[in-house]
Amino acid sequence: MPEMSYAQALNDALGQALANDPKVLVMGEDIGHHGGVFAVTKGLLERFGPKRVIDTPISESGFLGAAIGAATVGYRPVVELMWVDFAMVAMDPIVNQAAKTSYMSDGRVKVPLVIRTQQGAGRGNGAQHSQSLETMFAQVPGLKVAAPFEPADAKGMLMAAVEDDGPVIFLEHKLLYTRKGDVPGGRHVVPLGKAKVSRLGQDVTLVGLSRMVELAETAAKELSRQGVEAEVIDLRCLVPLDIETIRVSLQKTGRVVLVQEAHRSFGWAAEVSARLMEDSFDDLKAPVRRITSEDVPFPYNQRLEASVMPSVPKVVAAALSLCQDY
Amino acid sequence: MPEMSYAQALNDALGQALANDPKVLVMGEDIGHHGGVFAVTKGLLERFGPKRVIDTPISESGFLGAAIGAATVGYRPVVELMWVDFAMVAMDPIVNQAAKTSYMSDGRVKVPLVIRTQQGAGRGNGAQHSQSLETMFAQVPGLKVAAPFEPADAKGMLMAAVEDDGPVIFLEHKLLYTRKGDVPGGRHVVPLGKAKVSRLGQDVTLVGLSRMVELAETAAKELSRQGVEAEVIDLRCLVPLDIETIRVSLQKTGRVVLVQEAHRSFGWAAEVSARLMEDSFDDLKAPVRRITSEDVPFPYNQRLEASVMPSVPKVVAAALSLCQDY
Amino acid sequence: MGEQDWRVGALSEMYRIRAFEEQSADFYRQGLLGGSLHLGIGQEAVAVGAVGALRSADQVTMTYRGRGQALAKGVSAAAMFAEMLGRSTGTSHGKGGPMHIYSPEAGAMGTNAIVAAGIPIAAGLALAAQLDESDRVVMTFFGDGAVNQGAFHEAMNLAAIWKLPLVLICENNLYSEMTPIREMVVQDDLADRAKAYAIPAAVVDGNDVVVVRQAAEEAVQRARSGQGPTFLECKTYRLVGHMLGDPEVYRTRDEVERWAANGPLVRLEASLVRDGRLTAKACEEMQAAAREEIQAAAAQALAEPEPDVAQALTHVF
Amino acid sequence: MGEQDWRVGALSEMYRIRAFEEQSADFYRQGLLGGSLHLGIGQEAVAVGAVGALRSADQVTMTYRGRGQALAKGVSAAAMFAEMLGRSTGTSHGKGGPMHIYSPEAGAMGTNAIVAAGIPIAAGLALAAQLDESDRVVMTFFGDGAVNQGAFHEAMNLAAIWKLPLVLICENNLYSEMTPIREMVVQDDLADRAKAYAIPAAVVDGNDVVVVRQAAEEAVQRARSGQGPTFLECKTYRLVGHMLGDPEVYRTRDEVERWAANGPLVRLEASLVRDGRLTAKACEEMQAAAREEIQAAAAQALAEPEPDVAQALTHVF
Ligand SMILES: Cc1ncc(C[n+]2csc(CCOP(=O)(O)OP(=O)(O)O)c2C)c(N)n1
Ligand SMILES: Cc1ncc(C[n+]2csc(CCOP(=O)(O)OP(=O)(O)O)c2C)c(N)n1
Ligand SMILES: [Mg+2]
Ligand SMILES: [Mg+2]
């Protein structure tokens, strides 16, 4: 299996999707000639031409709406929003149009649309370029929400998203693009809605999404040195939410720490915590803990920024306290 | 205390605010000459003139941005978004501008802005006019989120919102406008971030927001007939979140049912549930239950619509099952 | 098609729309509909004139006020009534409602409850037509108030730079809800907006089906032959409130009456009678026939069952 | 103010901005800044010409590229550097960063990281000026790419209907990030956009500080005297990449060199020398003095402490 970066894996997926299905389009700002500001769409214009790989003006509402229109008659647009923060200028097409068209037409009009974007903090980009907005999308019925961590999943989940007949919000992480990993060649589809156990352990379960899986894995190694064996789960998707994989792990460990990069309150970790309480109350040896960013916009100064974000020591401390106190 | 409808109470608050502070403005579509499609701004243009009560074009991003600009130099605009669903065309000014300006300027530029809107289903308005989007706002640090139920609170919380130095999302409910109640005259300020115990009981705690308090109260009466005494809490605000009032009640009852009109997954009830697990694990006799709308866009057909929404029987059944099974 | 033929057909179609809207209002008054109801009474010439220039494979997007356009495009009256009544034979099995009429077979790609939201979607349908190398044309209807929405502008620019086969029909009925458009833009003609994108534009009398049709034919021809988008401002007037229940305090009875006297039906009737194409009696008979057809559709829809509640959970994705 | 005086002062201000931008680039290359850095090198004449027409009580909104405009408006170089370096004496105590410069005392009401978002905010500042019955004027800077955002249009219309004291400065530097504007609009002149709102507009050579200043004075005068908004398209060019690290593959070295030869500094120097106002040596001395001042500000900022981490939690609301 070839080693690829996360960005290359995504590029590979887009290339395959464009090659396999003439209805697949790639659209967005600076994605054609320039190949995308994170190089995810590099070389696609040259290979597939300007009718398939379409540079757009800075009109997110306009071109997302247009992508929806094209999707309703059989195209499969994969639209890049350069930063997730810019989704805020285009929430109507996402929330009121793409998400609801299948339901409002009772399945007569489908919207096979992928919205690719990148999110996350840790780079000193300031408050308007650092958000993690996955829960905003997850709470809208009709949208699937994927956020891969491993390069192989980046490819496999993007291919699944393109083949999906409904709208998928596909969230990459700006600090993962250079992450390397083995990535299967050819068609590689990882179904949406399946979490992955990436490390086995019996004392505590650490659940992460996107880049937070990295923290969970590093924390697990540190915990192991301290005699605590953590199971690590890469959630991979918020919608569909694979609560079952977490429940099975919880039955073994009895303790769960959720690691969420988004701000603390009203994020996905709350939903997972609530679900575990509802579905696995008797298995809980200890309360589910959340390690998250604080409820403040992301500060620019990188020391301040780091201070409000999840960190390996914070995850380790939470896991240890659960193991010690319960 | 005069009896007023919820709409009249809001109108009274706006009239007082405009009269008390020359910096208060009221802006929005059809709010001047017409007095608002739900009559909340009725008579204000006549009383305060077109420089204070400003009819806008259908340009939500434009006039919200403008309201922010005016707020940064001392005005206190109270902007009406006719339906919360239309916030989707104006999320950038709300999420990236209003919410973050104080933080990004380290408090040097404040945005004393109130965004009034109405939400909720139950009227057969279809998928694009029935949403409850409170959690989308609550998850953005920098926004306060209020959703009054009682007419007196509608007035008192709106007055508090206008006096607040930061942006407040003020969520009314389309089915509450005609609700009547006693409303104090004159200046009446109900601080944001305080829940209210509206009924005492010791067996189970029912927590609702906005119109769902009505369901909780009706359910409590029914439960009482069946020998179960429910405490009812009107949450009133999501940000600041008054978890303490719920915790105190939980210490007594050991059981909590949260009644949320928004779709089930990733809503505010998940946050409350997660917080109770974190802060009150040992007090929980039973898992916290959520009664919510299903994870589907709201259907038009009113029987279907009712079927996917919370109802009194669903709340009663959840409360009974908690009392019986735990 | 000779002029004689199509004008008579157009009148008949306008009668159908009027009857459909009146029947809808009846349903609403009887409490049979959910939500709000926005009628296009008085705007029938725009629907019939503009859609008349389209082929069956062409597509339209509309607003909450657009069921008349959908009817003109070939959507079944019975299926639309069933939708409005929330019945299982509705265009969306009762799950969409009057603001969400989809009939892809007929090329009706959605009425929409968000002002201007259908315009970028139409641009995308036009992009698809172009990518398909088809000669399909897409038409999008919106009101005067919609030109103040950002989405309108973004779509206009996309249409211009991509030379999309798109016809933009602005129904300027002088009001957006209760607000006169003259207070919300500085120009007299909204067609001026098209100058910003060098899109060909025209202002036409939207109550004259002949001039609407003529302008639409030109625009459709331009689109079909790869010459890109056209913006048509159709000056018209809704003879009823913004929605059922609108107290209409923002306009005078006198203003309404002047426009009623200048309404699209009376004008077309008068010109057909004047030209000797139809007698007054023939008009009445045509109108009666249209009413009968629509009432039969209404009766059919009323007899249909509601969907099973289990259907509330399907087709989410 | 005589022409002689202000042009010399303008040159000095342009040197300051250039030095500020070059120092910023140095900081970035040394790894001292977070995020991305967008410089206005080559666009100094727009900043100095336009802001030169303003009074101290007037206000501006800007973009991520707008620190030169902030400097011209009177924001302290040391405080901006401190902000960029994340220090506690920064304009926002290091919590905002280069894309979020606020200095209300100087009338700098925010650089902004969202394309076009500062335009409606500026409209609101102008509305406040109008409601205050003050004669304050508000100026908003944005790029060529921003005219394709809905927010731009909505703000233009608000400015038109409310006759706001607003001057809209479009810096057309030919590219939005890596995309040539000629592929994203159909017209040559973005000033055409103003026709849609009947807003007076002009296209000016944005590399000539004299014509920018002249046009800005007229626009400001119009705004101050209650005659409403003006749109100015300033044709200019950024002589550096969109951001530090931009490989600039989308344009030729030749194109950059042609524009460099036509750059605002060399042109103003040449004309002042030609007119006998300054010698080449005097120019050099002025530039050196500007550099010195800016370097002193940089050194000062570098010596400042970082904020305490507890400050990460303050001023959320
Ligand atoms: C984005 C958005 N803002 C506001 C509304 C509320 N609204 C519904 S119809 C309407 C008036 C639209 O006027 P116009 O575009 O002239 O169309 P008309 O109703 O006259 O056909 C408004 C403001 C909405 N549906 N969507
Ligand atoms: C709404 C939004 N979309 C996209 C971006 C990403 N972006 C940042 S700068 C830029 C180009 C803007 O070009 P222009 O308006 O010409 O200004 P310039 O950078 O040339 O000064 C883009 C697309 C953004 N910041 N905001
Ligand atoms: Mg109208
Ligand atoms: Mg540019």
Side-chain angles (χ1 to χ4, degrees), chain C residues 114-121 123 127 142-164 166 168 170 172 176 179-201 203 222 226-231 233, chain D residues 114-121 123 127 142-164 166 168 170 172 176 179-201 203 222 226-231 233:
Chain C
I114 305 295
V115 167
I119 312 174
I121 292 173
L127 176 66
F142 51 90
D144 46 285
V147 305
N148 291 329
Q149 267 289 315
F152 160 74
H153 298 276
E154 297 189 7
M156 287 285 278
N157 188 59
L158 291 180
I161 62 172
W162 293 339
K163 271 200 164 217
L164 296 178
L166 182 66
L168 298 116
C170 178
N172 184 351
S176 49
T179 299
I181 188 67
R182 67 171 183 279
E183 294 178 9
M184 293 302 154
V185 301
V186 295
Q187 311 101 310
D188 291 327
D189 291 331
L190 302 178
D192 286 0
R193 294 281 158 120
K195 292 181 187 165
Y197 319 91
I199 291 179
V203 183
R222 189 175 296 128
Q227 295 173 76
T230 304
F231 179 97
E233 178 185 358
Chain D
I114 305 295
V115 168
I119 312 174
I121 293 173
L127 176 65
F142 51 90
D144 45 287
V147 304
N148 291 329
Q149 267 290 314
F152 160 73
H153 298 276
E154 296 190 6
M156 287 283 278
N157 188 59
L158 291 181
I161 63 173
W162 292 339
K163 272 202 162 213
L164 296 178
L166 181 66
L168 299 115
C170 178
N172 184 351
S176 50
T179 299
I181 188 68
R182 68 171 182 280
E183 294 179 10
M184 294 302 155
V185 300
V186 295
Q187 312 98 310
D188 291 326
D189 292 331
L190 302 178
D192 286 0
R193 294 282 158 120
K195 292 180 188 167
Y197 318 92
I199 291 179
V203 183
R222 189 174 296 127
Q227 295 173 75
T230 305
F231 180 97
E233 178 185 357

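The figures that follow rest on heavy atoms only: side chains count, while hydrogens, waters and symmetry mates do not. Chain letters run A, B, ... following the sequence lines, proteins first, then strands; residues in each count from 1.
Contacts of D/D188 classified as salt bridge (Lys or Arg N to Asp or Glu O under 4.0 Å), with partners at least two apart in sequence or in another chain: none. Not counting sequence neighbours, the partners of D/P200 by the side chain to side chain contact (heavy atoms under 4.5 Å, CB included) test are D/R222. Residues satisfying the side chain to side chain contact (heavy atoms under 4.5 Å, CB included) criterion with C/A117, sequence neighbours excluded, are A/D92, A/Q97, C/N112, C/I114.
Within residues 191-198 of chain C, the residues that have a heavy atom under 4.5 Å from a heavy atom of chain D are C/D192, C/R193, C/K195, C/A196, C/Y197, C/A198, listed by number.
Looking at C/E183, the atoms closer than 4.5 Å to chain D (heavy atoms on both sides) all sit in the backbone: N, CA, C or O.
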Inset, instruction - Check step by step if side chain to side chain contact (heavy atoms under 4.5 Å, CB included) holds for C/I161 and D/M184. - result: CA-CA 6 Å; C/I161 62 172; D/M184 294 302 155; 4.0 Å; yes
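Per-residue counts of heavy-atom pairs under 4.5 Å with chain C were compared for D/I199, D/L158, D/V186; the largest is that of D/V186.
Under the 3.5 Å distance criterion, the side-chain polar atoms of C/N157 are left unmatched by any main-chain donor or acceptor of D/V185.
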